[in-house]
Each structure stands twice: as structure tokens, then as C-alpha cells.
Amino acid sequence: SRVAKFSYGTDCLTTYIPFLSSHRMRSSKVQLQPSGKRVLPDQFSSILAKGTSVREEGEFSSRFLRQGPTANSMEYTISPILVYRGPGVVPEWLDDDPDMFSTLCTIYADTSAMAGDLKPLTAPSGQTYYELAFDVVLLFGLTELKAQIRWMEKVLFSLYSVNCILRTFHGV
């Protein structure tokens with residue numbers, strides 16, 4: 001096994017919690033989800049943390065939710081794979097150490113087959129919205145990283161993969 005020299009993950013939205021100082025200082029960025037939930041963008045969600053032991057073809061994943069006002073708005077999903085190359089602890093927010101984050105690759109997944117099967121949900125305001133649950137999966141080989149978006153579709157898993165060649169690959 002090897003040890004990850006960097007942290008890999010993606011950006012995500014997080015629930016806005018006004019009593020947290022890190023949230024208050026970003027309050028101008030608050031967005032309203034179709035569900036009525038207030039969220040902040042640009043939080044880094046680590047999928048593989050620096051220092052983690054990695055076996056050949058090791059799989060690491062995290063679950064994410066995406067909301068949209070219509071089923072048609074859920075026909076595709078895009079997720080950048082980010083790498084944090086900084087020397088210290090990975091920051092919670094992309095704007096805390098922006099020069100140390102870079103995009104390794106971006107996954108574009110066609111989720112249109114599933115979008116038609118999504119059930120409408122109702123926000124407290126009465127607005128209808130749709131929610132898509134998916135996993136961002138990272139598979140580490142000897143010289144490459146495979147990035148996937150995985151979702152459940154009619155009780156089967158569907159995958160969309162992108163191979164990312166790690167040009168500066170030294171260990172992981």
C-alpha cells in the first residue's frame with residue numbers, strides 16, 4: 001500500500017449555520033435551494049485525505065445530493081475532482097487557501113434516464129422540487145486515478161467514469 005501525498009475531493013454546498021463564524025463571514029454567498037434550505041457554496045469535501053493508506057485499485061467515495069426545480073434540471077450532473085497540495089491541514093473552504101487547490105479533472109454524467117423516475121418533493125413553501133443522490137467515487141491505480149459518478153437507478157447502480165492521468169504522480 002501507499003500513502004496519499006495530497007487530499008482529493010470536490011466542492012459542495014453546505015447548510016448555512018448562522019452561529020458559525022466561518023459561515024457568517026460568507027453570509028453574502030448564501031443561496032436558497034429549491035427545498036427552501038439556505039446553503040453556502042465552495043466548501044471542500046475531502047474524499048481521500050492526505051496521509052490515507054491506499055491499496056492498488058482502492059476505492060474512496062462520498063455521497064452528495066443535488067436539488068433542482070424540475071425533473072428536467074436533473075438530466076446531468078457535473079462534479080470537479082479537486083486536489084489540495086498545501087502543506088498543512090486541508091481547509092474547509094476553497095477560498096481559505098485558493099492557490100493550493102487545483103482541478104484534476106471534471107466528471108460530466110448523463111443522468112437523464114433517472115431524472116424521469118425522480119419523485120416530486122414539496123418544500124415547506126409548497127414549491128415542488130426534485131432531488132438526486134449520487135456518489136463521487138475515486139479509484140486509485142498505479143499510475144492513474146479513475147473518477148466516477150455513481151447513482152442508483154431502478155435498483156441498479158449506474159456509473160459514469162473519467163480517467164485522470166496523474167502527470168505529477170509520485171506515490172499518490
Side-chain angles (χ1 to χ4, degrees), residues 7-49 58-84 90-98 100-140 145-164:
S7 290
Y8 299 85
T10 191
D11 64 331
C12 66
L13 300 172
T14 190
T15 302
Y16 176 66
I17 303 171
F19 63 82
L20 295 177
S21 62
S22 64
H23 287 222
R24 275 196 313 276
M25 63 190 280
R26 293 171 175 82
S27 63
S28 65
K29 296 181 178 183
V30 170
Q31 300 172 3
L32 193 61
Q33 288 284 89
S35 64
K37 188 177 184 179
R38 292 171 20 154
V39 296
L40 284 172
D42 302 328
Q43 185 176 46
F44 180 68
S45 179
S46 183
I47 297 171
L48 172 63
E59 177 181 309
F60 301 87
S61 66
S62 288
R63 168 124 322 185
F64 297 92
L65 293 175
R66 189 171 154 247
Q67 292 182 1
T70 65
N72 288 345
S73 68
M74 308 304 278
E75 290 186 343
Y76 65 91
T77 299
I78 300 171
S79 185
I81 301 303
L82 306 173
V83 58
Y84 178 73
V90 179
E92 181 180 4
W93 302 97
L94 297 176
D95 61 3
D96 281 341
D97 195 2
M100 292 291 112
F101 284 101
S102 60
T103 302
L104 198 57
C105 62
T106 302
I107 312 168
Y108 299 89
D110 178 354
T111 52
S112 58
M114 185 175 118
D117 293 332
L118 295 174
K119 303 290 182 233
L121 302 170
T122 305
S125 67
Q127 178 181 347
T128 298
Y129 70 99
Y130 295 81
E131 197 167 77
L132 172 66
F134 62 95
D135 296 323
V136 174
V137 182
L138 301 179
L139 298 163
F140 284 83
L145 161 72
K146 184 182 280 187
Q148 302 175 333
I149 290 179
R150 176 175 60 200
W151 64 92
M152 182 86 73
E153 183 177 305
K154 295 182 182 176
V155 191
L156 297 173
F157 279 109
S158 294
L159 292 171
Y160 187 82
S161 298
V162 173
N163 287 333
C164 303

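Here the closest non-hydrogen pair linking Ser46 and Ser7 is OG-CB, 4.3 Å. The two atoms that bring Pro18 and Arg24 nearest to each other are O-CG, 2.9 Å, heavy atoms only. Residue Ala147 comes nearest to Cys105 through the heavy atom pair CB-SG, 4.2 Å, listed as atom of the first residue, atom of the second, then distance. The two residues Thr128 and Tyr130 make their nearest non-hydrogen contact at CG2-CE1, 4.0 Å. The shortest non-hydrogen separation linking Ser22 to Glu92 is OG-OE1, 4.2 Å.
Note that CG of Asp11 is 6.0 Å distant from CG of Leu94, once rounded to the nearest 0.5 Å. Rounding to the nearest 0.5 angstrom, the gap separating the CD1 atom in Ile47 from the CG atom in Leu138 is 4.5 Å. Interatomic distance, CG of Leu82 versus OG1 of Thr10, reported as 5.5 Å (0.5 Å rounding). Rounding to the nearest 0.5 Å gives a distance of 13.0 Å between OG of Ser45 and CZ of Arg63. To the nearest 0.5 Å, atom CG of residue Asp95 and atom CD of residue Gln43 are 11.0 Å apart. One finds the CE atom of Met74 at 13.0 Å from the CG atom of Asp117 (value rounded to the nearest 0.5 Å).
Between Tyr84 and Phe44, the gap from one ring centroid to the other reaches at least 6.0 Å.
Partners of Phe60 under the ring pair (Phe, Tyr, Trp, His ring centres under 6.0 Å) rule, at least two apart in sequence or in another chain, do not exist in this structure.
Side-chain contact between Tyr8 and Leu104 is present, with heavy atoms from C-beta onward closer than 4.5 Å. Inter-residue side-chain proximity for Lys37 and Thr15 is flagged as met; some heavy-atom pair is nearer than 4.5 Å. Contact of the Val136 side chain with the Ser62 side chain is not registered, since no non-hydrogen atoms from C-beta on lie closer than 4.5 Å. Residues Ser27 and Tyr16 form a side-chain contact, since some pair of their non-hydrogen atoms from C-beta on lies under 4.5 Å apart. Counting heavy atoms from C-beta on, the side chains of Ser79 and Phe64 never come closer than 4.5 Å.
In this structure a side-chain-to-backbone donor-acceptor pair under 3.5 Å is missing from Thr14 to Leu40. Side-chain atoms of Thr70 come within 3.5 Å of backbone N or O of Ser73 as a donor-acceptor pair. Listed for the Arg26 side chain is no donor-acceptor partner under 3.5 Å among the backbone atoms of Pro41. A donor-acceptor contact shorter than 3.5 Å is absent between the side chain of Ser35 and the backbone of Ala123.
Between Ser112 and Asp110, the side chains place a donor N or O and an acceptor N or O closer than 3.5 Å (distance only, hydrogens not considered).
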Exercise. Apply side-chain contact (heavy atoms from CB on, under 4.5 Å) to Gln148 and Ile107, showing your working.
Key: CA-CA 7 Å; Gln148 302 175 333; Ile107 312 168; 5.6 Å; no
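Classified by interplanar angle (parallel below 30°, tilted 30° to 60°, perpendicular above 60°), the ring pair Trp93/His23 is perpendicular.
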